[in-house]
Protein chains: 2
Amino acid sequence: MAVQGEHTDSLFEPGRRSRLLQLLRTYTDTHVELTRHLARTLGIHANDAVAIAEILWAEATGDPLSPVRLSERIGLASGGTATLLNRLETAGFVVRSREDTDRRIVRLRLTPQARSRTEDFFLPTGEHLNNTLDGYDDATLEHMEHLLTEIVAVTAARNEQLRADLKPASSGRQGT
Amino acid sequence: MAVQGEHTDSLFEPGRRSRLLQLLRTYTDTHVELTRHLARTLGIHANDAVAIAEILWAEATGDPLSPVRLSERIGLASGGTATLLNRLETAGFVVRSREDTDRRIVRLRLTPQARSRTEDFFLPTGEHLNNTLDGYDDATLEHMEHLLTEIVAVTAARNEQLRADLKPASSGRQGT
DNA sequence: TGCAGTAGCTTATTCAGCAAGTTACTCTCT
DNA sequence: AGAGAGTAACTTGCTGAATAAGCTACTGCA
């Protein structure tokens with residue numbers, strides 16, 4: 001018998017802000033579905049496709065993922081990530097290379113075939129999106145970039161906070 | 001031996017457009033992680049949390065999901081969705097109600113407890129985001145809304161196309 | 001040189017999800 | 001009205017993805 005129950009409506013209040021947030025939500029759904037289609041196209045599991053996309057992007061930015069960092073992004077435990085990587089390596093999508101000075105670290109790279117198939121998959125959408133963005137002037141895009149950056153920061157901060165609840169107290173060290 | 005292999009670089013070319021697309025990708029990752037935290041908070045599986053968010057949102061827009069439509073959104077087959085819903089119903093998160101004139105159709109609604117727990121989870125982020133959006137004037141937000149709408153449309157169109165490849169030929173109608 | 005910390009992996013086990021089949025309901029066509 | 005096609009939801013048997021726990025290899029501090 002909760003008498004109150006109106007404050008939470010702010011999430012769904014009509015208005016421009018709420019509409020924007022819903023658009024972001026919808027975009028996420030859409031992007032996730034696109035990744036599922038990638039999985040189907042490559043003949044692999046949904047999570048494997050997520051991993052491939054992450055590996056591809058990280059590699060493109062010049063800082064290839066390690067298994068631990070991949071596991072953080074796709075939300076799998078260490079063992080599950082190892083299984084996933086074995087699967088992808090056996091299927092010829094991924095190679096592991098120890099190229100770091102720290103000999104413990106493994107770097108994940110796509111095979112040329114995997115990269116080209118994945119890029120071919122994303123390319124039409126990418127070009128279509130680029131064309132769409134061409135319809136906007138530079139100032140608008142800059143605003144958009146700024147806004148999105150802030151939005152990501154807010155959400156990421158919340159994630160960080162929630163992640164902190166996970167590890168109660170490992171070592172005595174508890175930094176900032 | 002593909003001699004060419006430069007056209008695909010357009011996905012990663014430096015520049016504002018590419019940066020925007022990466023931001024969208026990052027946002028998706030962030031939002032997905034947030035949903036995983038929701039799962040942990042509610043003590044349910046990741047996919048279950050995705051389903052709860054979808055059910056909540058659909059209900060809020062006045063058009064509660066049916067199992068089929070839920071399954072399309074979360075990317076599960078009919079049987080898997082039934083299992084998931086049984087799980088959520090048993091755990092007291094979801095109720096199924098036959099309220100449609102078409103007696104086959106089941107509408108999915110969150111229990112009050114589930115709704116309040118989920119809203120409590122999203123509320124801090126939602127308010128934080130609203131504050132962020134308050135820093136932008138109306139015209140800018142309108143531009144954003146327009147741009148995002150287009151982006152979603154492009155991606156959704158691609159999804160539709162890919163989904164069409166799935167069903168080979170049900171009725172005699174076959175396109176190109 | 002030992003010891004704590006981290007990266008990556010292996011193994012045993014569980015249970016989520018799929019494919020296929022069943023029931024219930026709706027709509028159309030005769 | 002009644003047969004038949006189509007759709008919504010659910011059930012069941014089985015596969016294998018992911019987990020938890022434990023192990024090895026490497027790093028770097030004391």
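Below, read A as the first sequence line, B as the second, and so on, with proteins coming before strands; counting in each chain starts at 1.
Note on A:S71: nothing from the nucleic acid sits closer than 4.0 angstrom, heavy atoms only. Across all strands, B:A82 comes closer than 4.0 Å to base atoms (heavy-atom distances).
We find that B:D63 and B:R107 are joined by a salt bridge, their nearest charged nitrogen and carboxylate oxygen being less than 4.0 Å apart. Using a 4.0 Å cut-off between charged nitrogen and carboxylate oxygen, A:E54 and B:R25 count as a salt-bridge pair.
Note: CD1 (A:I44) to P (C:dG17) measures 18 Å, nearest angstrom. With rounding to whole Å, A:L88 atom CG is found 13 Å from D:dA17 atom C1'. Residue A:R87 contributes atom CZ, which lies 11 Å from atom P of D:dG16 at whole-angstrom precision. Distance CG (A:D102) to P (D:dC29): 12 Å, rounded to an integer number of Å. As a whole-Å value, the separation of A:L84 CG from D:dA18 P is 6 Å. Across the protein-nucleic acid pair, A:L108 atom CG and C:dC9 atom C1' stand 13 Å apart, rounded to whole Å. For B:L65 and D:dA8, the CG to P distance is 14 Å, given to the nearest whole Å. Straight-line distance from the CD atom of B:E72 to the C1' atom of D:dA8: 12 Å, rounded to whole Å.
Map A:T101 and A:A77 each onto its nearest nucleotide of DNA chain D; the residue landing nearer the 5' end is A:A77. A residue-by-residue look at A:R98 and B:G79 shows that B:G79 has its nearest nucleotide of DNA chain D further toward the 5' end. The residue among B:R103 and A:P67 whose nearest nucleotide of DNA chain C is located toward the 5' end is A:P67.
One finds no side-chain N or O of A:R69 lying less than 4.0 angstrom from the OP1 or OP2 phosphate oxygen of C:dA7. Note on A:R96: a side-chain N or O is less than 4.0 Å away from OP1 or OP2 of C:dC9. Side-chain N/O atoms of A:N47 include none lying less than 4.0 angstrom from OP1 or OP2 on D:dA17. For B:N86, no side-chain nitrogen or oxygen approaches OP1 or OP2 of D:dA9 to under 4.0 Å.
Considering CG of B:L129 and CG of A:L147, their distance stands at 9.5 Å, rounded to 0.5 Å. Rounding to the nearest 0.5 Å gives a distance of 9.5 Å between OG of B:S71 and CG of B:L65.
Of all nucleotides listed (C:dC9, C:dA7, D:dA9), D:dA9 comes nearest to the side chain of B:I105. Set against C:dG8, C:dA16, D:dA9, the side chain of B:H45 has C:dA16 as its closest nucleotide.
Side chain of B:T111 to backbone of B:G92: a donor-acceptor contact under 3.5 angstrom is found.
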Subject >> Residue pair B:E72, A:E33: steps toward the side chain to side chain contact (heavy atoms under 4.5 Å, CB included) verdict >> reply: CA-CA 9 Å; B:E72 286 162 2; A:E33 179 180 347; over 6 Å; no

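Between the side chain of B:R104 and the base of C:dT26, no donor-acceptor pair under 3.5 Å is found. In this model, no side-chain donor or acceptor of B:S78 finds a partner on the base of C:dC18 within 3.5 Å.
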